[in-house]
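What follows is one structure encoded as structure tokens, with my remarks underneath.
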Amino acid sequence: MNKYIFSENGKLQTVLRGRDVLANPVLNKGVAFNKTEREELGLKGLLPPAVLTIEQQVKRAYKQFCSQQDDLGKNVYLTSLQDRNEVLFYRVLSEHLEEMLPIIYTPVVGTAIQKYSHGYRRPHGVYLSIDEPDGIEDAFQNFGAKGENIDLIVATDGEAILGIGDWGVGGINISIGKLSVYTAAGINPRRVIPVILDVGTNQERLLNDPLYIGNKHSRVRGKRYDEFIDRYVQTVTKLYPKTLLHWEDFATGNARQILNTYRKKICTFNDDIQGTGAVSLAAVLAVVKASKVPLREHRVIVFGAGTAGVGIAEQVRDAMVRDGLLKDEANRKFWCVDRQGLLLDNMEGLRDFQKEFARPAAEVNNWKRYGDGIALDQVVRQIHPTILIGTSTVGGAFTEDIVKEMAEHVERPAILPLSNPTRLSEANPEDLIRWTDGKALIATGSPFGPVTYNNTTYVIGQSNNALIFPGLGLGTIVSQARLMTDSMFAAASEAVASMVNITESGASVLPKVEDLRVVSAAVAVRVVEAAIDEGVAEREPKDIIQAVQDAMWHPVYPQIEAVTKAKR
């Protein structure tokens, strides 16, 4: 049976005693256990005599965090804190979110993933192996969570991690990082399961590493992979029928296929495609306000036409349709550039999702080519874009010549270098401000500090999916939505865009990440409204704002009482 349960009065009841209580991160309060709890739970003599408040513990934990030598050390410290005292970890995180989010998530999580096997300390979440598909249900049963107690499952197969690619079983850190962000925004961590779908790895350094702890064979493709994914979906929807399934960091082809297969059957979404698209759309909507140019009149270049890039194009295109354009007209507002250059309709090997954004080959007959393709700089010179979006993972791709060419023809050029981690960003905001004489509207994928130029301080908005997916998840949970619809994502984007005052000099085009709980609550309200309007909500609260507030988890210690044998 479970070692602890929450009773109706909010108390945490446990059958554990003594050192077993201190070893359990859900139960452990450290020296915050009061005298009554110490007596009842068999902790007398196992703790120093002083009783500290959680506020005092937060101060001490933050000092310990700051004393670490580097960012990876800070990541390891926070993980260790989470391993021994879950509530304290989330309290520290919530009070220092702006500083700590880059440590537990992008960009530092990328380094932690690469060192996962060598730094392994204890398991987190559920590990599913393609070599043991019959063990999927057993794995979840062993995790010990009942269906009514789980709201959300975050899964990755670790193939397309941030900008660093395939890191196999280390991808579990992405699922764990997403859980931490969800929780910082107000979702109960005990109702979320992080999952790694281990289908192998093509990283030779991992396959040849005796300490690598994932499946030591190349990635499984094709029918067997599809069957494994389907087995996972069928199992979790049986065990947790009202749970939202979140997909993260899958390679382009698999990400699209999985989303297209299940999005109209179950409540699910892909954060790289839809979450990235939604937060980027929020930035674009803010740009529209700042530039005073209607959305339908903007010209958009997307540099990096993979999962994220085309996902952004799709959501901005759909917003243009809502702004009055026909879909074909809106598609013609985009120029997508990938490794082979500008996507053209006569190119071989285009993926299905790229084809509707491919330009007619005839329209570029007189454009300058480099080899067989049309490069980014030539596209900028030809079309004079108003919005330039980077999802290429090509660091420094937005050069001074490209940016100045763009700024010469546009009053407020919007430039969004979104690639992660920081070293792969297409441009540095300080350069963009200087090259455009302070006119650029900027949002980045990685966090950057403010830039001061000509006595104006420019706040650089981070186009972080954390501004979108927690609120989406919370709104979906509150409404008990059967599906996640396009209108729910659009509502989320509009909610985020509405929370910035872009008219102020140097203002960010996106809210601050430190305001995550406020932003997520606002997003959740709009998502619930959209779910109800779309007819996919199983629950329609009379007071949506209050329903969202009531659903939000807070990192405070519950009172803990022992369960006697008679009670059991």
Side-chain angles (χ1 to χ4, degrees), residues 94 147-154 178-179 181-193 237 240-247 259 262-271 273-282 285-286 315 318-319 322 464-500 510-511 513 515-554:
S94 65
E148 66 272 18
N149 295 330
I150 297 299
D151 294 323
L152 179 64
I153 299 176
V154 186
K178 289 288 182 178
L179 182 156
V181 178
Y182 272 121
T183 301
I187 290 181
N188 191 331
R190 296 160 200 143
R191 301 183 68 89
V192 183
I193 304 177
T237 52
Y240 313 105
K242 293 185 177 181
T243 296
L244 168 61
L245 302 189
H246 173 144
W247 306 90
L259 182 61
Y262 299 107
R263 67 181 301 184
K264 295 186 178 180
K265 300 177 182 178
I266 61 174
C267 188
T268 191
F269 79 107
N270 183 291
D271 189 43
I273 298 173
Q274 295 162 293
T276 300
V279 73
S280 300
L281 173 58
L285 294 176
Q315 292 213 33
D318 291 346
R322 293 191 293 273
N464 192 321
N465 291 21
L467 296 172
I468 288 287
F469 70 79
L472 275 166
L474 184 60
T476 302
I477 291 166
V478 169
S479 65
Q480 296 181 7
R482 297 186 302 275
L483 303 170
M484 294 191 77
T485 66
D486 291 341
S487 67
M488 292 163 71
F489 286 95
S493 300
E494 291 164 2
V496 172
S498 71
M499 300 191 74
V500 293
L510 288 168
V513 173
D515 296 328
L516 180 60
R517 286 183 74 94
V518 175
V519 173
S520 296
V523 169
V525 169
R526 296 289 296 274
V527 168
V528 173
E529 293 171 344
I532 293 172
D533 290 344
E534 283 278 282
V536 297
E538 296 283 352
R539 179 179 177 227
E540 300 184 11
K542 291 182 179 179
D543 187 337
I544 296 175
I545 294 176
Q546 190 60 50
V548 168
Q549 292 298 318
D550 291 344
M552 296 182 77
W553 182 79
H554 298 272

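Using a 4.5 Å heavy-atom threshold, the side chains of D486 and R263 count as touching. Taking the side chain as every heavy atom from C-beta outward, N149 and R190 never approach each other to under 4.5 Å. Annotation: side chain of N464 is not in contact with side chain of V181 (no heavy-atom distance under 4.5 Å).
Taken to the nearest 0.5 Å, the CD1 atom of I532 stands 4.0 Å off from the CD1 atom of I544. Going from atom OG1 of T183 over to atom CZ of R517 covers 9.5 Å, rounded to the nearest 0.5 Å. Distance check: T276 OG1 to F469 CZ gives 10.0 Å after rounding to the nearest 0.5 Å. A distance of 6.5 Å separates CE in M552 from OG in S520, rounded to the nearest 0.5 Å. We find the CG-CG distance between L474 and L244 to be 11.0 Å, quoted to the nearest 0.5 Å. Taking CG of L152 as the start and CG of N188 as the end, the distance is 11.0 Å to the nearest 0.5 Å.
Annotation for L281 and A319: closest pair CD1-CB, 3.7 Å, computed over non-hydrogen atoms. Annotation for M488 and L483: closest pair SD-O, 3.6 Å, computed over non-hydrogen atoms. For the pair L285 and E494, the tightest heavy-atom approach, listed with the atom from each and the gap, is CD1-CG, 4.0 Å. Nearest approach of V519 to L467, heavy atoms of both residues: CG1-O, 3.6 Å. Heavy atoms only, all atoms of each residue included: I477 and D151 are closest at CD1-CB, 3.5 Å. For the pair V528 and P541, the tightest heavy-atom approach, listed with the atom from each and the gap, is CG1-CD, 4.2 Å.
S280 contributes no side-chain N or O that, together with a main-chain N or O of G277, makes up a donor-acceptor pair within less than 3.5 Å. Between the side chain of S479 and the backbone N or O of A537 there is no donor-acceptor pair closer than 3.5 Å. Although no hydrogens or angles enter the test, the distance criterion places a donor-acceptor pair under 3.5 Å between the side chain of R482 and the main chain of G535. Checking side-chain atoms of D515 against main-chain N and O of V518 turns up no donor-acceptor pair under 3.5 Å. T476 places no side-chain N or O within donor-acceptor distance of the main-chain N or O of A481, the cut-off being under 3.5 Å. Between the S493 side chain and the A278 main chain, a donor and an acceptor come within less than 3.5 Å of each other. Judged purely by atom type and a 3.5 angstrom limit, N465 uses its side chain to pair as donor or acceptor with the backbone of D271.
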*Derivation of the side-chain contact (heavy atoms from CB on, under 4.5 Å) call for W553 and R191*: CA-CA 10 Å; W553 182 79; R191 301 183 68 89; over 6 Å; no

*Please test M484 against H246 for side-chain contact (heavy atoms from CB on, under 4.5 Å), starting from the C-alpha separation and ending with a verdict.*
CA-CA 11 Å; M484 294 191 77; H246 173 144; over 6 Å; no

*Would you sort out whether Q274 and L259 count as a side-chain contact (heavy atoms from CB on, under 4.5 Å), showing the intermediate values?*
CA-CA 10 Å; Q274 295 162 293; L259 182 61; 3.3 Å; yes

*Take V496 and V523, measure what side-chain contact (heavy atoms from CB on, under 4.5 Å) needs, and give me the verdict at the end.*
CA-CA 7 Å; V496 172; V523 169; 3.7 Å; yes

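Ring geometry for Y262 against W247 counts as parallel: the plane angle stays under 30°, on a 0 to 90° scale with 60° as the upper cut.
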